[in-house]
Amino acid sequence: MLKKLSFALAAILSVSFLASCVINTSDDDGDDDVTIDYTSYNAPDYSIKVRNKTSKNVVCFKGIPSKDTLISGAHGGDVITNLKLNTALFNESSDFILYCVSEEDYKKFGNDYDSMAAQPLARIYAYFNSESKYRDNLVYDIASNLGGEFYFNLDNGTSYNFEIRMDGLYGAPLCYSGAHTLKTKVYAVADDYDLFPVLRQFDKRQGTIVTVYPQDNNGEPIYVPVSLNSKAKAVRLNCGDYVGQGIKTFASCAYLKISNGNAGGIGLLKGATAEPFINSTGVAYINSGDDCVYEIDMDDLGNGKYSTAVEVSGWFVGNRTKQVSIPDYTYEAGKMYTLKVKGTANQPTCEFSDIISEVSVEGLN
């Protein structure tokens, strides 16, 4: 099915509540106060939404921790926090590494940001949309498995950005490592893990986040079964093992590009309720004259296997009062299709085209 990133429509319909919580704590020596801003900011004064599923409070940074990259804090306990919008950090739409440090380590290390960076609770691939109306559609999860006493050591000497996901291609992200980054250490709880490496990068030309995965000799996604336990407190993952000679890469989904030549705004809609789909950058509706690329996920066949094509029906373009059907079609993974919408707001027309391009790892450079 088409990937739908987590969003809370109820927040649009209800009165927002600013959960202000700025906490002062003392460092280990009791000398200086440490202030952590746990405010959940109202729109449009927040940057991104974070759902912290761990039991630990975290302090978030845009990239490697430093005084200048500090964003704000997020409470633990599976709650959503709207992080602060620092315009010096967030001045244009872009992807970045959301670097999260536990409150305990933030207080312990103080201004020693190098030590703080060496002990992250989470590193998450995230995207900031400068259009505030789209930010509510994206929520970035800090997985409940993170923050334990054991750790993964991720070495990425390749020229690609890697995200390690749990339990499947579309599973929860465990950790992220940018290109040419060695010894990315991420702490996690003792457990058995099926880890799926994927390659991710924002494609400015298409306005979407491209995701591809490495395949084994049978054409199936590569995954790594590992265990963190008392005998194996650390596990090293080498991203170089997942790309290169003899290893093919394949897009994890198909892409549908909608070009809106209609006189009014439109969306990609599903079913009788005309529910809008959300793309990877949080966009729901496409203004007149704009393009938008949506991801179409493949079917999960179980045991780490996925379909290479998916048949889709019952989709529309338009608005909540006027829609036009998109032809039923079988979409193949790794390929991009285009839909040109013309006409007026009340009388849209569609022109569907087959493959316009193929998506591969080369598109990530």
Side-chain angles (χ1 to χ4, degrees), residues 1-7 95 125-127 137-141 160-173 176 196-216 219-223 242-243 247-259 267-270 275-284 286 291-315 317 326-339 352-364:
M1 298 183 67
L2 182 68
K3 179 178 289 183
K4 293 172 58 184
L5 300 175
S6 301
F7 70 101
D95 56 347
Y125 180 83
Y127 181 83
N137 296 331
L138 300 176
V139 179
Y140 293 98
D141 287 344
Y160 306 110
N161 302 323
F162 269 89
E163 183 175 80
I164 307 299
R165 297 178 177 179
M166 296 183 289
D167 303 323
L169 287 180
Y170 311 124
Y176 174 83
F196 286 71
V198 300
L199 291 72
R200 305 198 77 194
Q201 185 163 305
F202 179 66
D203 184 337
K204 292 183 178 180
R205 184 174 61 89
Q206 298 292 356
T208 191
I209 297 170
V210 175
T211 303
V212 302
Y213 63 88
Q215 293 179 328
D216 61 22
E220 304 295 344
I222 290 177
Y223 78 96
Y242 315 133
V243 292
I247 297 178
K248 296 180 179 180
T249 54
F250 204 66
S252 63
C253 58
Y255 295 87
L256 177 61
K257 180 178 181 178
I258 298 180
S259 297
L268 177 61
L269 312 172
K270 179 183 178 182
E275 179 183 359
F277 285 110
I278 310 299
N279 87 339
S280 61
T281 63
V283 175
I286 314 164
D291 299 333
C292 186
V293 177
Y294 296 89
E295 298 180 17
I296 305 174
D297 285 349
M298 298 295 105
D299 291 329
D300 187 344
L301 304 178
N303 297 320
K305 297 182 179 181
Y306 293 82
S307 64
T308 58
V310 62
E311 185 175 351
V312 172
S313 61
W315 287 3
V317 290
I326 298 175
D328 296 350
Y329 199 80
T330 298
Y331 296 88
E332 297 181 43
K335 297 179 179 179
M336 183 176 288
Y337 305 80
T338 187
L339 182 71
F352 182 78
S353 299
D354 272 357
I355 305 162
I356 60 170
S357 63
E358 298 202 15
V359 181
S360 67
V361 69
E362 285 76 18
L364 294 178

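Atoms considered below: every heavy atom in the structure, side chains included; atoms not considered: hydrogens, waters and symmetry mates.
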Name all residues meeting the side chain to side chain donor-acceptor pair (under 3.5 Å) criterion together with Tyr125; count only those two or more places apart in sequence or in a different chain, and write none if there are none.
Asp95
Contacts of Asp291 meeting side chain to side chain donor-acceptor pair (under 3.5 Å) (sequence neighbours excluded), chain-then-number -> Ser259
Can you tell me if [X] uses its side chain to pair, donor with acceptor, with the backbone of [Y] under 3.5 Å?
X	Y	answer
Asp167	Gly171	no
Asn279	Val293	yes
Ser307	Asp299	yes

Sequence neighbours excluded, which residues qualify as ring pair (Phe, Tyr, Trp, His ring centres under 6.0 Å) partners of Tyr213?
none
Let me confirm one number: the NZ-CD1 distance from Lys257 to Ile286, rounded to the nearest 0.5 Å.
11.0 Å
Rounding to 0.5 Å, atoms CG (Asn161) and CZ (Arg200) come to a distance of 10.0 Å
Please name the pair of heavy atoms, one in [X] and one in [Y], separated by the smallest distance, quoted to 0.1 Å.
X	Y	answer
Pro214	Tyr242	CB-O, 3.0 Å
Ala284	Tyr294	O-OH, 3.3 Å
Leu138	Ser280	CD2-O, 4.0 Å

How would you list, by chain and number, every residue that makes a side chain to side chain contact (heavy atoms under 4.5 Å, CB included) with [X], sequence neighbours excluded?
X	answer
Cys253	Tyr255, Glu295, Asp297
Ser313	Asp328
Ala309	Thr330, Glu332

OH (Tyr223) with more than 12 external heavy atoms under 6.0 Å:
no
Quick one, Tyr306 with Tyr170, criterion ring pair (Phe, Tyr, Trp, His ring centres under 6.0 Å). Give me CA distance, side-chain angles, the key distance, then yes/no.
CA-CA 11 Å; Tyr306 293 82; Tyr170 311 124; 5.5 Å; yes
So do the side chains of [X] and [Y] get within less than 4.5 Å of each other, counting heavy atoms only?
X	Y	answer
Phe277	Leu269	no
Val198	Phe162	no
Leu256	Leu339	yes
Leu199	Thr211	no
Ile258	Val317	yes

Any Lys/Arg nitrogen of Lys270 or Glu275 sitting under 4.0 Å from an Asp/Glu carboxylate oxygen of the other?
no
Can you check whether Tyr331 and Tyr329 have ring centres sitting under 6.0 Å from each other?
yes
